[in-house]
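Please read the structure below before turning to the comments.
Chain identifiers are assigned alphabetically (A, B, ...) following the order of the sequence lines, protein sequences preceding nucleic acid strands; residue numbering begins at 1 within each chain.
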Amino acid sequence: MPKAYEPQAVEAKWYRFWEEGGYFKPRPNPARKPFVISMPPPNVTGALHLGHGITSTIEDIMIRYHRMQGDETLWVPGEDHAGIATQTVVERLLATEGTDRHQIGREAFLERVWQWVDQYKSRIQNQHRRLGASCDWSHERFTLDEGLSKAVREVFVRLYEEGLIYRGERIINWCPVCMSALSDLEVNHVNTPGKLTYVRYPLKPVDGQVAGEGDYITVATTRPETILGDTAIAVNPKDHRYVNIIGRLAIVPVIGREIPIVADEAVEADFGTGAVKVTPAHDPTDFEIGQRHNLPRIQVIGFDAKMTAEAGPYAGQDRHEARKNLVADLEKTGLIVKIEDYVVPLGRCQRSDTVIEPLISKQWFISMKPLATPALNAVKYGQIKIVPERFNKTYFDWLENIHDWCISRQLWWGHRIPVWYCDSCGEMTVSREDITICPHCEGTQLRQDEDVLDTWFSSWLWPFSTLGWPDHTPDLQRYYPTAVMETGYDIIFFWVARMVMSGIHFMGNAPFSTIYLHGLVRDAKGEKMSKSKGNVIDPLEVMDKFGTDALRFTLATSSTPGNDMKLIDERIVGNRNFANKIWNASRFVLMTTADIPGGVPAIESVQPQTLADRWILQRFERLTKTVTRLIEEFQFGEAGRQINDFFWSDYCDWYVEASKVQMRGDKQTRQNTAGILRAVLDQSLRLLHPFMPFVTEEVWQYLYHFSQPDRASWPASALIIAPWPQYHAAFEDETAEQQFSLLQQVITLIRDARNQMNVERSHRNPVIMAVGEDVSMFEAQAPLIEFLATTEKPQLFSTLAQKPEQAMSLLAGAVEIYLPLAGLLDIGKELARLDKEIVQVQQEQARLQGKLSNQNFVSRARPEVVEKEREKLAAHEERLSKLQARRNELAAMQP
RNA sequence: GGGCGAUUAGCUCAGUUGGUUAGAGCGCUACGUUGACAUCGUAGAGGUCACAGAUUCGAGUUCUGUAUCGCCCA
């Protein structure tokens with residue numbers, strides 16, 4: 001075995017071993033409920049980033065854990081066709097070739113996209129392999145697969161037939177760069193510094209009256225260019241300032257259109273002047289006001305974001321140009337009252353970052369209310385549990401205020417809407433199968449709807465479409481509903497909530513019982529990683545540099561569920577070092593026990609002899625219990641940290657060191673020690689395997705081969721399917737825990753004293769100890785003290801009538817330790833040290849006395865808590881008296 | 001405007017039914033290459049747990065408010 005662990009040398013080998021060995025496939029176990037996860041399908045647009053890294057790591061931890069628990073485990077991988085994103089990258093590619101999709105046509109364009117997809121799909125698959133994802137590749141799906149496309153059509157047709165899908169002319173979010181409609185969720189609202197412009201609209205004189213000076217109404221707007229499309233001015237009916245002019249006509253500046261002044265509840269009286277201009281064709285609120293008051297809709301901004309012919313003198317200008325020009329013109333005519341700085345919540349396209357234009361357009365929608373209510377109830381009444389629970393609120397708020405979902409996109413890449421229009425009879429047909437003959441008039445002049453469906457329209461079916469729905473496949477029977485949906489909290493609306501809706505609606509029950517939401521990975525400065533900022537960390541680079549296990553362990557342990565994490569190099573380095581520690585501890589075990597037969601015994605069969613043996617087994621059993629509980633509670637970070645602590649501190653720093661003494665013992669002791677070293681290592685590797693699959697499998701295989709003659713008794717041929725450690729209460733040993741802890745204190749104190757006194761490293765100093773009733777215990781542990789604290793054989797006494805002179809004195813609990821250090825001891829310094837310790841003990845003693853003299857505490861706190869405090873106080877008192885006695889002796893010695 | 005989160009050692013973070021003297025890694029200081037590991041070991045220093053109240057025998061932990069930072073929704 002090499003001296004240091006080299007991840008690059010072994011990772012690929014083990015992944016191949018697992019994959020080719022079929023370990024990722026579900027192993028049928030009818031006795032237990034299958035454990036199933038649908039992997040959130042990454043966009044086929046590009047490479048995986050650290051967000052996918054954390055998703056894949058956490059899901060793999062769960063999958064590997066359940067696989068080792070013996071559950072029938074299925075992890076379904078796949079990719080998402082990512083409509084707009086993919087279309088955009090391929091269009092960009094075409095642009096570099098000097099062409100575009102319209103020139104080459106729909107068919108050729110789609111061919112190019114498929115080429116792209118094939119390339120990136122395999123790239124994503126390989127990245128998941130590098131991450132160690134133990135997903136079942138034979139179940140891999142793509143949202144544009146034949147099967148999934150069938151599911152999409154089925155869903156579209158069913159919802160249409162149920163009246164939940166409709167086509168309508170609504171105001172939608174239009175991205176002039178993507179040239180497509182977007183759903184509300186695909187629009188980011190960004191607070192942007194802007195202007196609030198106050199514009200005067202002249203009022204038309206009432207019949208018989210002459211227009212008076214000041215006969216104006218002033219409105220405030222953040223979008224002056226839409227003035228051209230105004231068809232009313234609205235005020236709140238309760239606003240007394242305007243009661244008298246409701247029903248009169250105002251005149252739109254520049255174009256002179258006469259528009260009514262209407263009263264509408266939607267108007268906020270304290271915004272601007274309390275009067276607002278109404279542009280039904282360019283604002284969602286105005287659209288609704290327009291519907292209530294039957295206002296005309298005048299579109300002045302086109303789908304290309306340029307002013308339309310309706311914009312009169314501004315026709316053809318870009319919307320931003322037109323704004324500037326119009327404001328300048330209004331200034332000239334004196335219709336601008338004032339212009340204030342104002343923060344505008346600008347809607348921007350999630351993909352292109354373009355400012356969204358609300359426009360009226362004919363699109364396909366889903367009525368969400370009927371779907372949302374059952375999804376809401378599923379969480380409210382506990383069929384689904386969200387972890388962490390605080391995201392319930394976010395989930396509820398969104399579902400309670402849900403709007404209809406605009407599902408049509410003016411793209412070519414995606415599931416084409418299964419609707420045909422007949423040129424002969426004008427009828428529309430919605431169909432599961434492609435049609436060539438109109439069922440209404442038998443005409444053949446049919447045109448399929450040009451548009452495709454929102455990508456989320458296919459991914460919201462993911463948990464069941466990947467299992468074969470709408471067919472009643474065995475997979476669907478066996479594996480639906482899945483167990484856990486694990487993903488980032490940023491797509492709770494986009495994806496998670498919608499999956500719950502579709503699952504309940506089409507399958508009759510929720511698609512998973514737990515939703516686990518993880519936080520976002522940020523850079524070292526805490527900023528969100530993005531391509532435009534150039535701060536994206538490539539997981540492949542991290543893995544090349546530090547190994548996959550180091551990256552995985554870092555992602556798993558650097559945060560608390562649902563919280564964001566900063567990825568910092570030092571942490572990854574630390575975890576690479578941990579992998580190396582595992583490697584070297586294993587190397588030690590294999591090397592020092594090489595000549596001892598017996599292989600790796602089952603942990604329940606080992607026979608602890610020494611205190612250290614009993615202690616490490618007790619520690620391990622406690623760890624197993626805790627880690628298992630933590631994983632079941634989705635506290636993966638804490639679970640990982642606990643294993644790390646145990647392995648490094650308890651196993652390596654103490655047990656392995658203690659074993660070096662034991663391995664010098666008789667044959668029986670050596671045999672036993674070797675067995676415990678191996679068994680605890682084997683079991684620790686099992687606990688760690690879900691977190692760090694590669695180094696653990698590598699080391700475990702050494703153990704396995706090393707046990708060649710005993711292989712028959714081994715439970716598994718690979719760690720990936722080795723049974724998860726069971727808790728053995730028989731190894732619980734509170735006495736060992738306490739005694740070993742005392743021993744650790746003694747050793748640490750002596751080491752510290754030697755350090756302080758600058759005792760030469762290899763020099764063995766004498767030790768005299770007064771240990772009360774623990775003489776036999778310390779007698780047995782004397783070799784450990786000699787070895788670990790570098791001392792001579794300790795001289796043990798129950799009590800010491802005559803305290804050693806010229807000795808440094810230490811206290812471990814009630815155990816007195818004297819280090820005769822002739823000539824080295826500076827009595828003055830020693831007195832100062834003792835004084836400092838005395839003060840500390842006195843303070844603590846005072847605190848405890850105060851607590852125990854408080855009647856409220858004694859009578860109200862739980863008896864065991866009070867008892868504990870009493871014991872503590874007694875211990876402190878004993879300690880104090882010993883310290884003071886020692887101080888007096890020393891003081892007497894001082895010249 | 002509504003909601004959520006964070007604030008603990010120089011840095012990055014744990015601390016999940018309220019109960020030892022609040023922990024880890026990195027960094028820092030001292031010592032060390034003894035046959036697993038210098039990607040290491042041994043030991044040490046370092047914190048009024050953002051602030052102000054409240055509840056409680058007891059609060060980093062529960063409640064209220066404030067401040068700063070971040071995110072989501074409208």
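With distances taken from any side-chain atom of A:D653 to the nucleotides B:rG41, B:rA43, B:rA74, the minimum falls on B:rG41. Residue A:N584 has its side chain nearest to B:rA36 when only B:rA36, B:rG70, B:rC72 are considered. Distance from the side chain of A:K581 is smallest to B:rA36 among B:rA36, B:rA43, B:rG19. Picking from B:rC4, B:rG19, B:rA74 the nucleotide with the shortest atom distance to the side chain of A:A861 gives B:rG19. Comparing B:rG5, B:rG44, B:rA36 by their closest approach to the side chain of A:R390 singles out B:rG5. The listed nucleotides are B:rA43, B:rA36, B:rG15; the one nearest the side chain of A:E638 is B:rG15. In the set B:rU39, B:rU12, B:rA36, the nucleotide with an atom closest to the side chain of A:R571 is B:rU12. Of all nucleotides listed (B:rG19, B:rA36, B:rU42), B:rG19 comes nearest to the side chain of A:V865.
A side-chain N or O of A:T554 and one of A:N575 form a donor-acceptor pair less than 3.5 Å apart.
One atom, CZ of A:F588, and another, C1' of B:rG41, lie 14 Å apart when rounded to the nearest Å. Atom NE2 in A:H763 sits about 18 Å away from atom C1' in B:rU42, given to the nearest Å. One can place CD1 of A:I631 at 19 Å from P of B:rU16, the figure rounded to the nearest angstrom. Look at CD on A:Q745: it is 13 Å from P on B:rA43, rounded to the nearest Å. Summarising the geometry, the separation between CD on A:Q756 and P on B:rA43 is reported as 12 Å, rounded to the nearest angstrom. Rounding to whole angstrom units, NZ of residue A:K566 and P of B:rA6 are separated by 14 Å. With rounding to whole Å, A:Q635 atom CD is found 9 Å from B:rU17 atom P. Between A:Y5 atom OH and B:rA38 atom P the separation is 17 Å, expressed in whole Å.
To the nearest whole angstrom, the two C1' atoms, one in B:rU61 and one in B:rU7, are 15 Å apart. Rounded to whole Å, the P atom of B:rC37 lies 43 Å from the corresponding atom of B:rA50. Taking atom C1' in both B:rG10 and B:rU56, the straight-line distance is 36 Å, to the nearest Å. Distance noted for atom P between B:rG19 and B:rG58: 15 Å (whole Å). B:rA22 and B:rA9 are spaced 11 Å apart, taking the C1' atom of each and rounding to whole Å. Separating the C1' atom of B:rG2 from that of B:rG47 is a span of 36 Å, rounded to the nearest Å. For the P atoms, the distance linking B:rU33 with B:rU42 amounts to 15 Å, nearest Å. The P atoms of B:rC63 and B:rG3 are separated by 16 Å, rounded to the nearest whole Å.
Phosphate contact (OP1/OP2 of B:rC37, side-chain N/O of A:K3, threshold under 4.0 Å): present. In this structure, A:S558 does not reach the B:rU12 phosphate: none of its side-chain N or O atoms is under 4.0 Å from OP1 or OP2. Phosphate contact (OP1/OP2 of B:rG15, side-chain N/O of A:T560, threshold under 4.0 Å): present. Within the 4.0 Å cut-off from OP1 or OP2 of B:rU20, not a single side-chain nitrogen or oxygen of A:K851 is found. Contact annotation: A:R751 side-chain N/O to B:rA43 OP1/OP2 distance is under 4.0 Å. Between A:W648 and the phosphate of B:rG41, there is a side-chain N or O to OP1/OP2 separation shorter than 4.0 Å. Using a 4.0 Å cut-off, some side-chain N or O of A:N577 falls inside it from OP1 or OP2 of B:rC40.
Using a 4.0 Å cut-off between charged side-chain N and carboxylate O, A:E864 and A:K868 make no salt bridge. Remark: A:E760 does not engage A:R754 in a salt bridge, criterion side-chain N to carboxylate O under 4.0 Å.
Classification of the A:F578-A:F553 ring pair by plane angle, with boundaries at 30° and 60°, yields tilted.
When both distances must be under 3.5 Å, the Watson-Crick or G-U wobble mate of B:rU17 does not exist. With a 3.5 Å ceiling on both atom-pair distances, B:rC37 lacks any Watson-Crick or G-U wobble partner. The partner of B:rU68 is B:rA6, judged by Watson-Crick or G-U wobble contacts that both fall below 3.5 Å. Remark: B:rC11 base-pairs with B:rG25. Criterion, Watson-Crick or G-U wobble with two distances under 3.5 Å. Using N1 to N3 plus N6-O4 or O6-N4 for Watson-Crick, or N1-O2 and O6-N3 for G-U wobble, each under 3.5 Å, B:rA30 pairs with B:rU42. Under the Watson-Crick and G-U wobble criteria, each requiring two contacts below 3.5 Å, nucleotide B:rG1 is paired to B:rC73. Pairing for B:rG47 is absent, judged as Watson-Crick or G-U wobble with the two contacts each under 3.5 Å.
Across all strands, A:S859 comes closer than 4.0 Å to no nucleic acid atom at all (heavy-atom distances). At the heavy-atom level, A:F493 lies under 4.0 Å from the strands shown only through sugar-phosphate atoms. Within the 4.0 angstrom heavy-atom criterion, only backbone atoms of the sugar-phosphate kind lie near A:S559; the bases stay farther away.
Nearest-nucleotide positions on RNA chain B place A:N563 closer to the 5' end than the other of A:N563 and A:V589. Checking A:E633 against A:R862, the closest nucleotide of RNA chain B that is more toward the 5' end is the one next to A:E633.
One N or O on the side chain of A:D564 and one on the backbone of A:L520 form a donor-acceptor pair closer than 3.5 Å. A donor-acceptor contact shorter than 3.5 Å links the side chain of A:H876 to the backbone of A:K872. Side-chain atoms of A:E657 never come within 3.5 Å of backbone atoms of A:W654 as a donor-acceptor pair (strictly under, hydrogens ignored).
Between the side chain of A:K393 and the base of B:rC4, no donor-acceptor pair under 3.5 Å is found. Applying the 3.5 Å distance criterion, the base of B:rA36 shares a donor-acceptor pair with the side chain of A:E657. Judged by distance alone with a 3.5 Å cut-off, no donor-acceptor contact links the side chain of A:E869 to the base of B:rU20. Remark: the A:R761 side chain and the B:rU34 base include a donor-acceptor N/O pair separated by less than 3.5 Å.
Tested against A:Y489 for a ring-ring contact (aromatic ring centres under 6.0 Å, His included), the candidates A:Y395, A:F494, A:F391 yield a single pass: A:F391.
For A:Y516 and A:F636, the distance between ring centers is under 6.0 angstrom.
At a threshold of 4.5 Å between non-hydrogen side-chain atoms, the residues A:R587 and A:L590 do not count as touching.
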